[in-house]
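Below: one structure, written as structure tokens.
Each residue takes its place number in the sequence, starting with 1.
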Amino acid sequence: MKHHKREYDWVSNCVYANYKIPTKCICGGAITVEADDRGRNYYVCKDFKNDGLHIRHDCLTALEEELDCLRSQYAEEVSLRRELQFELAQVREEIKELKQLIMVNR
């Protein structure tokens with residue numbers, strides 16, 4: 001089971017390597033923040049080589065992607081909460097009706 005989890009984690013790291021804020025490089029190396037000559041910050045693998053197997057992702061872009069993802073998650077949570085509140089109100093009404101039926105039948 002641990003082997004499958006490790007493999008799944010590695011595959012998800014590969015898929016989302018250049019999306020959102022990286023937590024780990026595809027190679028398993030740590031991620032650091034470095035600046036280029038123009039002053040732009042990048043999330044970079046500590047063992048970065050420009051061979052396509054390591055992460056070098058713009059910090060601003062990564063933060064925007066992370067924020068977009070959080071916004072969509074928030075919207076889903078709000079929608080789910082509204083649905084649950086509506087269902088709760090319906091259940092309360094049904095309970096009230098059942099109590100009234102029980103009282104009438106006594």
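The structure places SG of Cys69 at 14.0 Å from CD of Glu64, a figure rounded to the nearest 0.5 Å. For the atom pair OG1 of Thr32 and NZ of Lys46, the computed distance is 9.5 Å after rounding to the nearest 0.5 Å.
Residue Tyr74 is found in a hydrophobic cluster whose other members, listed by chain and number, are Val78; membership requires side-chain heavy atoms under 4.5 Å apart, directly or through intermediates. Leu88 belongs to no hydrophobic cluster with other residues, because no ILVMFWY side-chain heavy atom falls under 4.5 Å from its own, directly or through intermediates.
Here the closest non-hydrogen pair linking Cys45 and Gly29 is SG-CA, 4.4 Å.
For Leu84, the side chain to side chain contact (heavy atoms under 4.5 Å, CB included) test picks out Leu80, Glu87, with sequence neighbours left out. For Ile95, the side chain to side chain contact (heavy atoms under 4.5 Å, CB included) partners at least two apart in sequence or on another chain are Val91, Lys99.
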Side-chain donor-acceptor distances from residues 36-44 under 3.5 Å, at least two apart:
residue	atom	partner	partner atom	Å
Asp36	OD1	Arg38	N	3.2
Asp36	OD1	Gly39	N	3.0
Asp36	OD1	Arg40	N	2.8
Arg40	NH2	Asp58	OD1	3.4
Arg40	NH2	Asp58	OD2	2.6

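Every pair passing salt bridge (charged side-chain N to carboxylate O under 4.0 Å, His left out) that includes a residue from residues 68-83 is listed here, sequence neighbours excluded: Asp68-Arg71.
Leu67 and Leu63 are assigned to two separate hydrophobic clusters, defined by single-linkage of ILVMFWY side chains at heavy-atom distances under 4.5 Å.
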